[in-house]
There are 2 protein chains.
Amino acid sequence: MRHEETRQQILRAAWEQMRVEGVASLSLRALARTVGMEPQSLYSYFESKYAIYDALFAEASTEFLERLRAAAAEGDGNADPIEGVRRRAHVWVRFCTEDPVRYQLLFQRTIPGFEPSEASYAIARETLADARRMLARAGLGTDRHLDMYTAVLAGLVAQQLANDPGGRRYVRHLDEVLDMYLDHMNKQRKGR
Amino acid sequence: MRHEETRQQILRAAWEQMRVEGVASLSLRALARTVGMEPQSLYSYFESKYAIYDALFAEASTEFLERLRAAAAEGDGNADPIEGVRRRAHVWVRFCTEDPVRYQLLFQRTIPGFEPSEASYAIARETLADARRMLARAGLGTDRHLDMYTAVLAGLVAQQLANDPGGRRYVRHLDEVLDMYLDHMNKQRKGR
DNA sequence: GTCTATATTTGGATAGAC
DNA sequence: GTCTATCCAAATATAGAC
């Protein structure tokens, strides 16, 4: 389909423009000029600017889900659940830090007026459901385990993007943070 | 001074507008109408829209610094450094979560084209310098200690704001996260 | 599907009278 | 300091010819 190809081309150009101008500064005019059309012609592919944001959101969520699942499947699969927790954390942190604009679109609600559609958001929820199952296999099956796990990862990511974008100042501590988290939860268990 | 009063009134209205419309949607027109002026008259108080953002940034940074210092001074002061670390963490997390818009302006770089001035940013750097000194008094004086401390706090804040704004789902684990952090660092020290 | 033409709104900013 | 008048650029979106 020619239509689908052009659609993909528009989305690629949209990512590019957001990386240069900022997520909130996506402009249909500039976007159209980049792909060689008049701005009005974009409406043959997307019914509004927010439909473009939504398509980008869905695309990014899908890639996140796939990369996490690929990480879980690689190696011995379910052999060592703790190793799965660690491997997944690395993929998570890498995905979030390698593209700040994608992170902002997916995880921060900073675009005025944009909310992902139910269909797009459902994809994002799946990644969290996966994480919950994976932690449960490692004996960390409560909300508390999940929330603290995502919080320590989110913290490294947030600080890395805010204070040292493109660097390693915070994420280099990921393995130590995982040790800290796992030791703590392990000790809690023994304490009972 | 009448001038200063009006200036403050404009800044108050700007916070209000950002809370309703989003940080990036601050509009000089709407702002002027709110305070009962023509949009052009704002230029008697601020030389540009970014000058308004910068004044807001400086105001918020100053309040953050003052609240952290007040927390450090209260109680016995330097009696128990670890207690200071904890108390400061609570103030930090509360400040960040009680006003998402202020958090976005201060800690996320999401407004296209806006960078705080050197003078405003210097205030923000002071808070970090304070944190470093406070950790050092508690025997946690390295960059690694500081970065992991700010990361775990930032993680709770980021998740709280993104997934449960106005709630307590993540921040309720603050004391446990602090236990986890302090235990881990303590154990590291003994290990040597 | 793509264009021209156009509508409509909004944005930030300046000049100059008072 | 505040206003009127104005500029200029940009935004999203629609109508209709081809």
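Just so we're on the same page: letters track the sequence lines, and every chain starts at 1.
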**Q** Partners of His173(A) by side-chain hydrogen bond (donor to acceptor under 3.5 Å, both in side chains), sequence neighbours excluded?
**A**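 His173(A) satisfies side-chain hydrogen bond (donor to acceptor under 3.5 Å, both in side chains) with no residue once adjacent residues are dropped.
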
**Q** Take Arg29(B) and Thr6(B), find for each the nucleotide of DNA chain D with the closest heavy atom, and name the residue whose nucleotide sits nearer the 5' end.
**A**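 It is Thr6(B), whose closest nucleotide lies nearer the 5' terminus.
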
**Q** Extract, from 5' to 3' on DNA chain D, the first and final nucleotides lying under 4.0 angstrom from some heavy atom of chain A.
**A**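 Taking any atom under 4.0 Å from a heavy atom of chain A, the span is dA11(D) to dT14(D).
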
**Q** For residues 85-107 of chain B, which residue pairs qualify under ring pair (Phe, Tyr, Trp, His ring centres under 6.0 Å), counting only residues two or more places apart or in two chains?
**A**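 As it turns out, the ring pair (Phe, Tyr, Trp, His ring centres under 6.0 Å) pairs with a partner in residues 85-107 of chain B, which skip direct neighbours, are Phe64(B)-Trp92(B), Phe64(B)-Phe95(B), Phe64(B)-Phe107(B), Tyr103(B)-Phe107(B).
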
**Q** Looking at residues at least two apart in the chain, or sitting in another chain, which of them share a salt bridge (Lys or Arg N to Asp or Glu O under 4.0 Å) with Glu5(B)?
**A**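 Per chain and number, Glu5(B) pairs via salt bridge (Lys or Arg N to Asp or Glu O under 4.0 Å) with no residue.
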
**Q** What residues, two or more places apart in sequence or in another chain, satisfy side-chain hydrogen bond (donor to acceptor under 3.5 Å, both in side chains) together with Arg172(B)?
**A**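 So Arg172(B) forms no side-chain hydrogen bond (donor to acceptor under 3.5 Å, both in side chains) with any residue.
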
**Q** Any residue in residues 35-44 of chain B with a heavy atom nearer than 4.0 angstrom to DNA chain C? Just list them by number, or reply none.
**A**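 DNA chain C contact set from residues 35-44 of chain B: Gln40(B), Tyr43(B).
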
**Q** Heavy atoms within less than 4.0 Å of DNA chain C: which residues of residues 11-28 of chain B have one? Give them sorted by number.
**A** Leu26(B), Ser27(B), Leu28(B)

**Q** List the residues meeting side-chain hydrogen bond (donor to acceptor under 3.5 Å, both in side chains) with Glu176(A), not counting sequence neighbours, and say none if there are none.
**A**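 In terms of side-chain hydrogen bond (donor to acceptor under 3.5 Å, both in side chains), with neighbours along the sequence ignored, Glu176(A) is linked to Arg144(B), His184(B).
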
**Q** For Glu16(B), is there an ion pair with Arg12(B) - N to carboxylate O distance below 4.0 angstrom?
**A** no

**Q** Say whether, by atom type as modelled, one donor and one acceptor occur between the side chain of Thr6(A) and the main chain of Arg2(A) under 3.5 angstrom.
**A**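 Such a contact is found between Thr6(A) side chain and Arg2(A) backbone.
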
**Q** Just jot down the side-chain hydrogen bond (donor to acceptor under 3.5 Å, both in side chains) partners of Thr110(A), sequence neighbours excluded, or say none.
**A**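 side-chain hydrogen bond (donor to acceptor under 3.5 Å, both in side chains) list for Thr110(A), sorted by chain: Gln104(B), Thr110(B).
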
**Q** Within a radius of less than 6.0 Å around CZ of Phe114(A), do more than 12 heavy atoms belonging to other residues, nucleotides or ligands occur?
**A** yes

**Q** Rounded to the nearest 0.5 Å, what's the gap from CG on Leu65(A) to CD on Glu126(A)? Could you check?
**A** 5.0 Å

**Q** Not counting sequence neighbours, which residues clear ring-ring contact (aromatic ring centres under 6.0 Å, His included) with Tyr170(A)? List them please.
**A**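 Checked Tyr170(A) against ring-ring contact (aromatic ring centres under 6.0 Å, His included); zero matches.
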
**Q** When you measure from every atom of DNA chain C, which of residues 47-55 of chain B have a heavy atom less than 4.0 Å away?
**A**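 DNA chain C contact set from residues 47-55 of chain B: Ser48(B), Lys49(B).
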
**Q** Pairs of donor and acceptor atoms involving the side chains of residues 48-58 of chain B, under 3.5 Å and at least two apart or interchain, shall be tabulated with distances.
**A**
unit_1   : atom_1 : unit_2    : atom_2 : d
Ser48(B) : OG     : Tyr50(B)  : N      : 3.2
Ser48(B) : OG     : Ala51(B)  : N      : 3.2
Lys49(B) : NZ     : Leu26(B)  : O      : 2.8
Tyr50(B) : OH     : Pro112(B) : O      : 3.2
Tyr53(B) : OH     : Val23(B)  : O      : 2.8
Asp54(B) : OD1    : Ser117(B) : N      : 2.8
Asp54(B) : OD1    : Ser117(B) : OG     : 3.3
Asp54(B) : OD1    : Ser120(B) : OG     : 3.2
Asp54(B) : OD2    : Ser117(B) : OG     : 2.8
Asp54(B) : OD2    : Ser120(B) : OG     : 3.0

